[in-house]
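Working notes, beginning with the structure itself.
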Amino acid sequence: MLFTQIDFQQAGKQQGFLQVPYSHNLGGWANVMIPITTVASGQGPTVLILGGNHGDEYQGQIAGMKLARLLTPEMVQGRVIIIPSLNFPAARAATRLSPLDGMNMNRAFPGQAEGSVTSQIAHYLTHVLFPMSDVVIDIHSGGRSMEFVPCAHMHLVEDMAQRRQMLSAMLAWNTDFAFLYADIAGSGLLPVEAENQGKIVVTTELGGGEAIPAEVHRIAQGGLSNVLKHLGVLAGPPVTREQLGLPATIITQALRREDYLLAPESGIFEICVDLGTLVAAGQTIGFIHHLERPDRDPEEIVAGGAGYLVTMRAPCLTMQGDCVAVIAAPVDLASLDGSRT
Ligand code: CA
């Protein structure tokens, strides 16, 4: 059973751990110790900030660690709870999945109180941390498997009041692109559990990989700070893209299964258009070259519909069924937030 010495009702700043029992060959009574920081002062929303849902995604882990060191109670109106490396065993191993139980944190919800380590963490979020939160921020990137245009993203939830708050928080990240996505690869996602509890859920896909450009770190850390100001939990007015002299965020959506292009066979993937490029329906996006039969023509990957290339597969070596690209069509904010039906 997960244990923490943190008192979530207490004002001020606390630094501690979520402790999950994990008995192994060299540690019979050992705990996995997941760092957690809470900073609370006065009246305001409770915002839960999560990085490292996947252990090989570093942008949110770094932004979370820096924010946890920086924040003082004087800076906060309400409560900020930060877990920089949620799947801590995976973060230590630089892997997407937990090396302890092989589980994907983002398929583990709602979790089990007496399940494996990943499942116990999910259960604690579902039953303790989500219920006390107004907002859940889950910072992802593509890890080692995908490279995204740095974007904030969300599910198009049905509750219109919740959807409007999620749309405005998504846009407060001030990214060039925003992305409305669908779950084509399984259930048990962290954001879905938080959405079902009625929370304002803010998620991102900030690039990918391990060679993270400084600009992407700036987008992660600047966007997070601006969203917290937008939510009122940090003092100071949020800035808009207009104030920064930037064009409006391009909102895109990939809600159909065919928007997610899967490799029809294995081989070496070549991308033919740059991330963030607007492509036409039927346009060639890339090729899969046949490792064992280079004399055969490569398999062509074609866009089903028009839209922006928002993400591409990162490793060139590709297995049949891997997602190699996602094409997301531009969409008006007014058609999403109910202001135009
Ligand atoms: Ca991820």
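Atoms considered below: every heavy atom in the structure, side chains included; atoms not considered: hydrogens, waters and symmetry mates. Order of appearance sets the numbers: ligands from 1, and atoms from 1 within every ligand.
At a threshold of 4.0 Å, the pair Asp56-Arg96 does not count as salt-bridged, since none of the basic side-chain nitrogens sits closer than that to a carboxylate oxygen. Under 4.0 Å is where a charged nitrogen must lie from a carboxylate oxygen, and between Arg293 and Glu299 no such pair does.
Judged by distance alone, the side chain of Asn104 and the main-chain N or O of Asn106 form a donor-acceptor pair under 3.5 Å.
Taking 4.5 Å as the limit, every side-chain heavy atom of Thr318 sits out of range of all side-chain heavy atoms of Glu265.
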Between Thr204 and Phe148, does a side-chain contact (heavy atoms from CB on, under 4.5 Å) hold up when you go through it step by step? CA-CA 10 Å; Thr204 66; Phe148 281 82; over 6 Å; no

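Contact between Ala303 and Ile327 at its shortest, heavy atoms only, is CB-CG1, 4.1 Å.
Around the Ca ion (ligand 1), protein N, O or S atoms at less than 3.0 Å number 4.
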